[in-house]
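Right, one structure below, let's go through it.
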Amino acid sequence: MTYRQIGALVCFYSFIVFFQPLSWSYDSNYVIGRGIHDITGPAAEVGLMGYANIEQKSSGIHTRQWARAFIIVDEISEQRVVFVNVDAGAVFQAVTQGVMAALETKFGGLYTNENVILSATHTHSAVGGQSHYTLYDITILGFIEQAYLAQVEGIVAAIEKAHNDLKPGYILINKGNLYNASYNRSLDAYQNNPFLERLNYASVIQPEMTVLKLIHQEEELEPHEIGMINWFATHPNAMGRELTVLSSDNKGYAAYLFEKKLKNSDYQSHESFVAAFAISNAGDMSPNLHSDEQGRGPTTDRLENVKIMGERQYQRALTLYENATEQLVGSIEYQQQFVDLSNTRVSADFTGIDVKQTCIAALGESFAAGTEDGRGPSFFEEGSTEASPFFQFVSGMIVEPTEEDIACHENKALLLAVGKTTPYPWSPEVLPLSLQKIGQLAIMAVPAEFTVMAGRRLMRTVENVLGEQLRYTVIAGLANAYSGYVSTKEEYDLQHYEGGSTHFGPWTLAAYQQSFYQLAERMLPLGGSPKKVLMPIPFPEIEPIPRDLTGETINFQTGVVHDQAPLFKNIGDTVDDVQDMYQKGEQVIARFWSGHPKNNLRTQSTFMEVQFWARDHWQVIATDNDWNTFYEWRRIDGFWGTSQATLTWNIPSDIASGYYRLVHMGDEKKPVTGEVKAYSGSSRVFFVN
């Protein structure tokens, strides 16, 4: 090599070193805030939301549930949007109404129905009872105010934290595929979609994961990573119905890995990194790969499946996060509309035939059959298109559909016309539809579970309006209310579970497409026209308003009468204590006489701690929110009021050797006086070798 070649090489590398940092520097163009708050509901004797199984009641905590809030403000226009990812089976309309009322009190008109999205992860291992509608409370035995307040107050607290965290910053976006964390559990229905449409997509699943990297960048300070949001289509139902401890399932475990294991979040500090693993069009997307007859997979171990599916989502999100370089730039805009989906006329441009009408809400017999990874009673079958006279007779005793109702729902074998019950429908019909645009990203918030193809069609509808304004579109599922499923017309015709659970008839998706087309049109610049011009039937001149059923609900659950320990024992005493020594990888178990978890949800706190002796003090190294701990509660004698709490710690292999103890804390309700008083108890000290 000559001196001239060496000199040229040095200049070349000098150029690369000098300019590389500049190529990855970003200007702050938004004001961003994040916040997280505990929303865990009653950890004992309250029905879980997801499987509609009256016997599935909470019995402890594996991991807590959280509300993760993000606020993004346009520095120029000061337009702002809020996205909250909620560890819940659903965000019911009652919860949204409660949150909006509280935000109005705190912030005036800053945060409203128009610019706030509350999207549930859809974990099947969180308590229900937050709805004002009978359909979603019936297996929970009514409205559970304690569970409702835990969600409402926690979501508001998370938004308030995000509001107080607002600082200049920027957002990077990335997108990639994840193929081994979901499968299409309703493949026959999916394959009934048009062949040419299916050819447009490489997979029968929705493999796309979209990731946002949120960064604070204040003047003269180094960029500071504060949060991550990703949307990916898979169900958080790997825990199954037989495990009744509260859990955020696979999406919650992925968030835990990102927040605590990667970013050392303590879930208390305002500086805690917040990672949201949100759901998208996952209606027919299951995590239970190679599902067996009990709806498990890829292994027969439920907890192992949660871990595997969570790790896969975490690893893909982390890779996309670390390699994100494209900045979101452009305006922040939002549009929202309440739509009566039980009474919407849909134009031929969206039905593909002629003008059609949605129907009064009704569930089909296939709804009761359940899914491939969560079957219902054996006397119901998927694919039921002919109504059973027996079930017609039984459901007719509650409410009898008309011939027009039956005809409107076409192939659906009507099981229950939930929209015709009195004095109120059993499920909501006036529902919120929201569209947010952050630069080149569009977020479509839908109050239902969309199948993969239904979601694709909705995203394509918005893309056909906004055209070059967008590079990314995502569905935010189960947002601001809940109304079952939305399938395509072709999927609906086969009446598998998702079609039988599509409340408003075969043209439900077309009604959504027509509505979102109009929301997107409102975002076009003055005089602009959609990329694909269609003719929707306009929204009604008078926008419908959702009913507020506060005070109209009922509850069949009894409260805590009192707590007692057996004679000569105290609540907090051990029943079964630990051994003196354990090896790493072994399991530590201690059992205590306890109080009822309903006495105090211990929000932002814990029912258990694993403590390590750090020379001169006890140091907390794990709580009831950690993956390797279990807090389980069991009633012993209802009349006497005795109960036991079992604390389990699976010792990590990388833990420090030394002295440890398990500590149980809770609250007991005294007999006669009804006073609720905190207590705690400790195991003996043990050594981990």
Taken in chain and number order and not counting sequence neighbours, the residues that satisfy side-chain contact (heavy atoms from CB on, under 4.5 Å) with L243 are M239, R302, L303

Does E609 reach the main-chain N or O of V663 with its side chain, forming a donor-acceptor pair under 3.5 Å?
-> no

Verdict with reasoning, Y30 to Y170, per ring pair (Phe, Tyr, Trp, His ring centres under 6.0 Å) | CA-CA 6 Å; Y30 299 129; Y170 56 91; 9.7 Å; no

Would you sort out whether F83 and F70 count as a ring pair (Phe, Tyr, Trp, His ring centres under 6.0 Å), showing the intermediate values?
-> CA-CA 5 Å; F83 181 82; F70 304 87; 7.1 Å; no

Main-chain N/O of G283 paired to T451 side chain as donor or acceptor, under 3.5 Å | no

Taking only residues two or more places apart in sequence or in another chain, which ones pass salt bridge (charged side-chain N to carboxylate O under 4.0 Å, His left out) with D137?
-> none

Evaluate the side-chain proximity of V46 to S58: yes if any heavy-atom separation is below 4.5 Å, no if none is.
-> yes

At what distance, to the nearest 0.5 angstrom, does CG of L458 lie from CG of L435?
-> 9.0 Å

Taking only residues two or more places apart in sequence or in another chain, which ones pass ring-ring contact (aromatic ring centres under 6.0 Å, His included) with F277?
-> none

R64 side chain to Y267 side chain, donor-acceptor N/O pair below 3.5 angstrom = no

Decide yes or no for V152 and Q130: does some side-chain heavy atom of the first lie under 4.5 Å from some side-chain heavy atom of the second?
-> no

Parallel under 30°, tilted from 30 to 60°, perpendicular over 60°: which one fits the rings of F612 and Y660?
-> tilted

Would you say the side-chain atoms of S182 pair up with the backbone N or O of P287, donor to acceptor, closer than 3.5 Å?
-> no

Does the pair L433 and V446 meet the rule for a side-chain contact (heavy atoms from CB on, under 4.5 Å), with working shown?
-> CA-CA 6 Å; L433 311 185; V446 294; 5.5 Å; no

Is the shortest distance from a Lys or Arg side-chain nitrogen in D626 or K260 to a carboxylate oxygen in the other one below 4.0 Å?
-> yes

E311 versus Q313, side-chain donor and acceptor atoms under 3.5 Å | no

For H224, the side-chain contact (heavy atoms from CB on, under 4.5 Å) test, sequence neighbours excluded, returns R34, H216, I226, E271

D301/R296 ion pair, N-O < 4.0 Å | no

Relative to each other, are the rings of H235 and H124 parallel, tilted or perpendicular (30° and 60° limits)?
-> perpendicular

Is any side-chain heavy atom of Y133 closer than 4.5 Å to a side-chain heavy atom of L549?
-> yes

K106: what forms a side-chain contact (heavy atoms from CB on, under 4.5 Å) with it, not counting sequence neighbours?
-> V156, E160

Please work out whether the ring planes of Y253 and W627 are parallel, tilted or perpendicular, with thresholds of 30° and 60°.
-> tilted

N305 vs T299, side-chain hydrogen bond (donor to acceptor under 3.5 Å, both in side chains): CA-CA, chis, key distance, verdict = CA-CA 6 Å; N305 294 339; T299 77; 2.7 Å; yes

Would you mind reporting whether V610 and V588 have side-chain heavy atoms less than 4.5 Å apart?
-> no

Minimum side-chain heavy-atom gap T121-V86 below 4.5 Å = no

Passes ring pair (Phe, Tyr, Trp, His ring centres under 6.0 Å), H132 versus F92? Steps please.
-> CA-CA 8 Å; H132 285 164; F92 294 111; 9.8 Å; no

Indicate yes or no: does R635 engage E45 in a salt bridge with an N to O separation below 4.0 Å.
-> yes

Does one side chain, of D563 or N599, offer a donor that lies under 3.5 Å from an acceptor on the other?
-> yes

Begin with the C-alpha distance, continue with both residues' side-chain angles, and end with the deciding distance and a verdict on salt bridge (Lys or Arg N to Asp or Glu O under 4.0 Å) for K263 and E225.
-> CA-CA 10 Å; K263 295 294 187 179; E225 297 173 13; 2.8 Å; yes

More than 12 heavy atoms of other residues, nucleotides or ligands under 6.0 Å from CD of E242: is that the case?
-> yes

Lys/Arg-Asp/Glu bridge criterion (N-O < 4.0 Å) met for E55, R241 = no

Donor-acceptor side-chain pairing of N250 and T234 below 3.5 angstrom = no

Mind checking the CD-OH spacing from E114 to Y334? Nearest 0.5 Å is all I need.
-> 6.0 Å

What pairs with F232 under ring-ring contact (aromatic ring centres under 6.0 Å, His included), at least two apart in sequence or on another chain?
-> none

Side-chain contact test, heavy atoms from C-beta onward, threshold under 4.5 Å: evaluate it for I71 versus H163 and give yes or no.
-> yes

Between the main-chain N or O of S265 and the side-chain N or O of S269, is there a donor-acceptor pair closer than 3.5 Å?
-> no

Verdict with supporting geometry, M49 and V127, side-chain contact (heavy atoms from CB on, under 4.5 Å) = CA-CA 6 Å; M49 177 63 199; V127 295; over 6 Å; no

Short side-chain donor-acceptor distance under 3.5 Å, Y485 and E449 = yes

What's the verdict on side-chain contact (heavy atoms from CB on, under 4.5 Å) for Y51 and N237, showing C-alpha distance, side-chain angles and the deciding distance?
-> CA-CA 9 Å; Y51 289 106; N237 66 340; 3.5 Å; yes

Return the orientation label for the Y314 and F258 ring planes: parallel under 30°, perpendicular over 60°, tilted otherwise.
-> perpendicular

Sub-3.5 Å donor-acceptor pair from the side chain of N115 to the main-chain atoms of T112, do we have one?
-> yes

Say whether T606 and D624, considering side chains only, have a donor N or O and an acceptor N or O under 3.5 Å apart.
-> yes

Using a distance-only test with no angle check, is there a side-chain donor-acceptor pair under 3.5 angstrom linking Q587 and N650?
-> yes

For T40 and D38, test the side chains for any donor-to-acceptor distance below 3.5 angstrom and give the result as yes or no.
-> yes

Using only heavy-atom distances, determine whether the side chains of K598 and Q557 contain a donor-acceptor pair under 3.5 Å.
-> yes

Full working for side-chain contact (heavy atoms from CB on, under 4.5 Å) between L172 and L212 = CA-CA 6 Å; L172 305 180; L212 301 186; over 6 Å; no

In terms of heavy-atom contacts, does CD of E145 have more than 12 from other residues, nucleotides or ligands at under 6.0 Å?
-> no

Answer yes if the side chains of Y179 and N177 hold a donor-acceptor pair under 3.5 Å, and no otherwise.
-> yes

Applying side-chain hydrogen bond (donor to acceptor under 3.5 Å, both in side chains), run through S247 and D249 and close with a yes or a no.
-> CA-CA 5 Å; S247 169; D249 211 280; 5.1 Å; no

Apply the ring pair (Phe, Tyr, Trp, His ring centres under 6.0 Å) test between F607 and each candidate in W633, F592, Y631; give the one that qualifies.
-> Y631

Would you mind checking if K167 and D165 are paired as a salt bridge, meaning a charged N to carboxylate O distance below 4.0 Å?
-> yes

So, S248 and D87: side-chain donor and acceptor under 3.5 Å apart, yes or no?
-> yes

